[in-house]
Structure formats: structure tokens, C-alpha cells
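Okay, so here's the structure we're looking at.
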Amino acid sequence: MTSYTQTEGPKRVAIYARYSSELQTDTSIEDQIRICQARADAEGWQVVECYTDHAISGENLFRPGIQALLSAAPTGKFDLVVSEALDRISRDRAS
């Protein structure tokens, strides 16, 4: 069994940002990252990576950015994932 060991010092975090509509722009991603960076700074966390998806719906997880984040998670590269809102990571598909 593999055990998780928290790193010494500040938590290492990954930021995930996404927008879904063709009507939105990359500034939406920049705004989300800025909000997440401010939270990390306030908490004393170190941002080690940003993952993004541009103009892709959150209804499925087959998005390049979220797949890269999911692939990196087991490597121990980061301790936490920060996103501006939960719906940036995934949408509730239940009706």
C-alpha cells in the first residue's frame, strides 16, 4: 500500500481553469488563474503548475487540460488543486 506523505513547507498547488463558450475569451482563463493565485498567495501555497482548457465544455472529462492534471496527480507533483469554482473542473451531468 502506498502512503501519502505531505511535503515540508508550503503546499504545492496546481491551478485548473476552463471556459466553455466560444463567446468567452482567454481573459476568462487569465481571470480565473489570477483569482486562484491570490488564494494561493493568501494561504502561503506555492503554485507549481497551471492546467487550462479553452472553449471546451465541462460535461465530460475528455479535455486535454483536465487529462494532463489527472495524469500528473499521482506523481506527487502537487498536493492540492485550486480552481475558481467547482464547475470549472466538472459539470453535474444529472438532470
Side-chain angles (χ1 to χ4, degrees):
M1 179 174 173
T2 304
S3 64
Y4 173 78
T5 304
Q6 184 173 333
T7 60
E8 296 290 324
K11 290 198 185 303
R12 299 163 302 146
V13 300
I15 292 175
Y16 179 74
R18 175 188 66 80
Y19 71 89
S20 59
S21 171
E22 295 289 342
L23 301 176
Q24 293 172 309
T25 66
D26 284 338
T27 58
S28 176
I29 296 279
E30 294 165 10
D31 292 343
Q32 290 174 52
I33 291 172
R34 191 172 17 263
I35 289 166
C36 293
Q37 181 69 59
R39 171 70 190 273
D41 292 345
E43 298 289 345
W45 299 336
Q46 175 190 10
V47 175
V48 295
E49 190 70 59
C50 291
Y51 299 90
T52 62
D53 284 308
H54 303 252
I56 302 174
S57 172
E59 289 186 2
N60 68 59
L61 292 176
F62 298 107
R63 305 184 305 267
I66 199 73
Q67 287 297 309
L69 182 145
L70 292 171
S71 292
T75 70
K77 183 175 184 177
F78 50 84
D79 305 306
L80 299 170
V81 176
V82 178
S83 187
E84 185 242 348
L86 188 56
D87 69 355
R88 298 298 84 202
I89 295 174
S90 181
R91 291 276 189 195
D92 182 2
R93 295 174 40 174
S95 325

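Heads up: numbering here begins at 1 and tracks the sequence.
The cluster map of Ile, Leu, Val, Met, Phe, Trp and Tyr, joined by side-chain heavy atoms under 4.5 Å apart, puts Val48 and Ile66 in the same cluster. Side-chain heavy atoms closer than 4.5 Å link hydrophobic residues (I, L, V, M, F, W, Y) into clusters, and following such links, possibly through other members, connects Val47 to Val82.
In this structure a side-chain-to-backbone donor-acceptor pair under 3.5 Å is missing from Thr52 to Ala17. A donor-acceptor pair under 3.5 Å is absent between the side-chain atoms of Arg12 and the main chain of Asp79, judged by distance alone.
Within the 4.5 Å cutoff, side-chain heavy atoms of Tyr16 are placed close to those of Asp53. Ile29 places none of its side-chain heavy atoms less than 4.5 Å from the side chain of Cys50. For the pair Leu69/Phe78, a side-chain contact is recorded, criterion being any heavy-atom separation below 4.5 Å from C-beta on.
By the salt bridge (Lys or Arg N to Asp or Glu O under 4.0 Å) test, Glu43 is found to be paired with Arg39, residues two or more places apart in sequence or in another chain being considered.
Note: Asp41 CG to Cys36 SG = 11.0 Å, rounded to the nearest 0.5 Å. Here Leu70 contributes atom CG and Tyr51 contributes atom OH; the two are 9.5 Å apart, rounded to the nearest 0.5 Å. Expressed to the nearest 0.5 Å, how far CG of Asp87 lies from CZ of Arg18 amounts to 6.5 Å. The structure places CD1 of Ile35 at 4.5 Å from CD of Glu84, a figure rounded to the nearest 0.5 Å.
Side-chain atoms of Gln67 and Ser71 include no donor-acceptor pair closer than 3.5 Å.
Taking each heavy atom of Gly44 and Pro10 in turn, the nearest pair found is O-CB, 3.0 Å.
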